[in-house]
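Since the structure is predicted, the reported quantities are computational estimates derived from the model, not experimental observations. Only heavy atoms go into these numbers, but all of them, side chains included; no hydrogens, no water, no symmetry mates.
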Amino acid sequence: MTMACRKAFIPLALMGIFSFCSYALDGMVLLNTGSSREAKGDLIMHYVQSGDRVKLETGGVRGANFSPDATQAAYGKDGTLYVINIDGTGRRAVTSCGVGFESCTWCSNGYIYWGQADSKLRRVKPDGTGKSEVYTFEQSILWPSVAQNGARAAWWAQFGTSPVAICYDFGSNTWWNKSGGCRCTISPDGSMVTKNRSGHRQSYIYQFEGKGHRDDAVILLINNPTYDGSPYCNMQRFSSLSNDHVVYTNERKFVCYVHNIRTDTPTLIGPGIASDYAPFVVGDKLPAPAIAPEGGTFTDAVEVTISHSVNGAEICYTLDGSDPAQSSTVYSGPVEVTATTTVKAKAFSGGEESFTAVQTYTRVTQTSKLTGITVDPVSANIAPGGEQQFAAAAVDQFGNEMDVTFAWSVDGGGLISSTGLFTAGTDEGGPYTVTVSVDGESVTGTAEVSVAPAALQVLAPAAGDAAALGDVLTVEWQWTGPDEYDGSVDVEITVDGGLSWYSIAPGGNSIGPASAGWGALDWTVDLLDGGTVSPISDAVQVRVADYGDPGLPGRSAVSGVFSIDSAGNLAAGTPVSRSTDRRWSIARSGPALAVSVIGAGPHRLAVSDMRGRAIVEYRGTSAAMYNCPLAGGTYVVRLHINGRVDRRRVVVAW
């Protein structure tokens, strides 16, 4: 790999109080096992030198960040901000944070700051006190970070169809536009900011002060390292504890890096989405031992082994749930567990001790039996000569994943290997059924694969999904050909079932590259067509289309029908059809709308303005008359009744 920089030397004054003399990478990385930009996987502590990993939290985690002393981490999950010790103990809820939680920064000024995909920047103390909104921006604040003294912040926002990097100074209440680019984050001392460059092949390090992306403000231009053929990286953030380091993730292969910006050197950390980096190991504690197998259910007995990465380390363990000490039982070989047991282990070496490893084994009376096999993906369309990797998972009646050997087969054209790699033939056809089985078992899993000319496909949003104004809507698409995609695309949206289309990202503008066959766009749901058309509708579709090259045939793909609602109260996975029976009427009654619901049955009447903001809402169980006082303007009036929705646009001019 090669690295290019606009300015090879970074002045020491910019490094601040968190600078370190050694360039050898050590320390700890907080990362997530998710496979999307929003993460939502397990929270993992990765120790750089040993490669050991400790699971701190299971599933649904977003936006993790170290405490200033790196002894704890803060993160969001299921609409709650949590704090946990870095050995996985002491988990506690701090405050509600909204399901749109994206990122947080635990600052040395005593506050944790966070954003939740709206226009507010919030903060709270780790004990749950002092919760407040500290800044309101004119657009949604996306993935913010804050300097350790709380004096400056950086984030990115969506202006029209373009992501824009924003820097903000609390003291002067001034913000700067760093021009196009997403994931703008700030260094611990507030002197520098990061930004993805369009296409995500490169990343910038800027001085905080100044507008735009002038050369004299650029400290470093990073050519993102290529992993398995992909150079497309997402610059997650500056380390919150080191001005020398940034963390980023290959957003297609989901492997992460720590980059020393002083030496312009990336270090591959491994699988996962990087959230934060601490350039030291807290208290010089050793990594936790490894306990195998992972906890779960068993029937008769389970043989537990404990190991440690430090040769000669003494491992002590307990089986009664108490924390191990050097006076606890010394591990000398496999331990047989025959009852429900929590195994805790700690290592000791050279006067140092490790973090504590924990696994719980639960005995059940029934024998595990294979009850299901799932295949991922469940369907695929590929071009002649192309390949598709399938994966399978087997579970027992308790929902535990089973360690089995799979056999793969396909009933038609193409070949599939023993590892689930399908290779299409030269002829079109299908759908062919891919089957995976386990020897001696009747349970199977299936998927379908069709061989067709290379085409664009919209992967998300899917039919029946729902979004609300202000939400971040992720559009994902792919090119099914075995070759590289040779054009750029427009991303468009319709809110009237395909009668009218509005561009939300024209001509490859910050929507992913034309190569590697994959693309994605995060769009903050907002007004369309220059701010005149509301996106609220139950007949929304996204189209990805190639109009750019007159020498190429037009190629396009359309998503399933989904909905956009002002209040986000349409349940995902429940498509709502448009009503064709006009069982209601609207008339003027003084300075109000008189809405008469004629149809019987439970209903909801909602009025919103053209920016999607809810004005008034009524609920009833039978025929009713409602008076809605409104100022002059244009409104959308919707009646939800008997599983249907009727929608009218009303112009009020009193």
### Counterpart residues, side chain to side chain contact (heavy atoms under 4.5 Å, CB included), relative to V94 (two or more places apart)
L81, V83, V124
### Message
If I compare all heavy atoms of P535 with all of V525, which pair ends up nearest, and what's the gap?
### Response
CG-CG1, 3.9 Å
### Query
Sequence neighbours excluded, which residues qualify as salt bridge (charged side-chain N to carboxylate O under 4.0 Å, His left out) partners of R237?
none
### Separation of R201 CZ from N224 CG (nearest 0.5 Å)
10.0 Å
#### Entry: Close side-chain approach of T80 and F101, heavy atoms under 4.5 Å
no
### Query
side chain to side chain donor-acceptor pair (under 3.5 Å) between D276 and S240: does it pass, once the steps are laid out?
CA-CA 7 Å; D276 200 5; S240 65; 2.6 Å; yes
### Query
In terms of ring plane angle, is the pair Y135 and W155 parallel, tilted or perpendicular, where the classes change at 30° and 60°?
tilted
### Task
Taking all non-hydrogen atoms of both residues into account, name the closest pair between K195 and A165 and its distance.
CD-CB, 3.4 Å
### Query
Going by heavy atoms in the side chains, are I493 and V475 under 4.5 Å from each other?
no
### Message
If we check ring pair (Phe, Tyr, Trp, His ring centres under 6.0 Å) with Y248, which of these qualifies: F254, Y257, Y227?
### Response
Y257
### Message
Within the structure provided, determine whether T95 and W114 are in side-chain contact (heavy-atom separation under 4.5 Å).
### Response
yes
### Query
Looking only at atom types and distance, does a side-chain atom of R91 sit under 3.5 Å from a main-chain N or O of L56, one as donor and one as acceptor?
no
#### Entry: Heavy-atom closest pair, residues T185 and A154
C-CB, 3.9 Å
### Query
Considering residues at least two apart in sequence or located in another chain, which fulfil the side chain to side chain contact (heavy atoms under 4.5 Å, CB included) criterion with D376?
none
### Query
Listed by chain and number, what are the salt bridge (charged side-chain N to carboxylate O under 4.0 Å, His left out) partners of D42, not counting sequence neighbours?
K55
## Note on the structure
dist Q388:CD -> I382:CD1 (nearest 0.5 Å) comes out at 6.5 Å
### Query
Side chains of T249 and C233: closer than 4.5 Å at any heavy-atom pair?
no
### Message
Please report the interatomic distance CD1(I186) to CD(Q148), rounded to the nearest 0.5 Å.
### Response
10.5 Å
#### Entry: Listed once per pair and sorted, the salt bridge (Lys or Arg N to Asp or Glu O under 4.0 Å) pairs that draw on residues 97-108, sequence neighbours left out
none
### Message
Using every non-hydrogen atom in the two residues, find where T524 and S140 come nearest and quote the distance to one decimal.
### Response
CG2-OG, 3.9 Å
### Query
What distance separates F66 CZ from S275 OG, expressed to the nearest 0.5 Å?
9.5 Å
### Message
Among residues at least two apart in sequence or on other chains, which ones pass ring-ring contact (aromatic ring centres under 6.0 Å, His included) with F170?
### Response
Y168
### Message
Are P271 and R53 packed together at the side-chain level, in the sense that at least one heavy-atom pair is separated by less than 4.5 angstrom?
### Response
yes
### Message
If you compare all heavy atoms of P188 against all heavy atoms of S242, which two are closest, and at what distance to 0.1 Å?
### Response
CG-N, 3.5 Å
### Summary
Applying salt bridge (charged side-chain N to carboxylate O under 4.0 Å, His left out) to E401 and not counting sequence neighbours gives none
### Task
Could you list the residues that satisfy side-chain hydrogen bond (donor to acceptor under 3.5 Å, both in side chains) with T33, not counting sequence neighbours?
none
### Pairwise side-chain contact, I222 with M235, heavy-atom cut-off 4.5 Å (strictly under)
yes
### Task
Quick one: pull up SG in C104 and CG in N65 and give me the separation to the nearest 0.5 Å.
5.0 Å
### Over-ring placement of R252 relative to Y232, 6.0 Å and 45° cut-offs
yes
### Query
Looking at side-chain heavy atoms only, is the closest gap between V258 and I269 below 4.5 Å?
yes
### Query
Under 3.5 Å, is there a donor-acceptor pair between the H46 and D52 side chains?
no
### Message
Rounded to the nearest 0.5 Å, what separates atom CD in E251 from atom CZ in R183?
### Response
8.5 Å
### Message
For T71, give me all partners under side-chain hydrogen bond (donor to acceptor under 3.5 Å, both in side chains), at least two apart in sequence or on another chain.
### Response
D69
#### Entry: Aromatic ring pairing F422/F390, orientation class (parallel under 30°, perpendicular over 60°, tilted between)
perpendicular
### Task
Check A157 against L142 and note the closest heavy-atom contact, atom names and distance.
CA-CD1, 4.5 Å
### Task
Find out whether W501 and Q541 are in side-chain contact, i.e. whether some heavy atom of one side chain is under 4.5 Å from a heavy atom of the other.
yes
### Message
For E133, give me all partners under side-chain hydrogen bond (donor to acceptor under 3.5 Å, both in side chains), at least two apart in sequence or on another chain.
### Response
none
### Task
With sequence neighbours excluded, tell me which residues meet salt bridge (charged side-chain N to carboxylate O under 4.0 Å, His left out) with D529.
none
### Task
Using modelled atom types only, decide if a donor and an acceptor are shared between the side chain of S108 and the backbone of P68 within a distance under 3.5 Å.
no
#### Entry: Y82: partners by ring-ring contact (aromatic ring centres under 6.0 Å, His included), with sequence neighbours left out
Y75
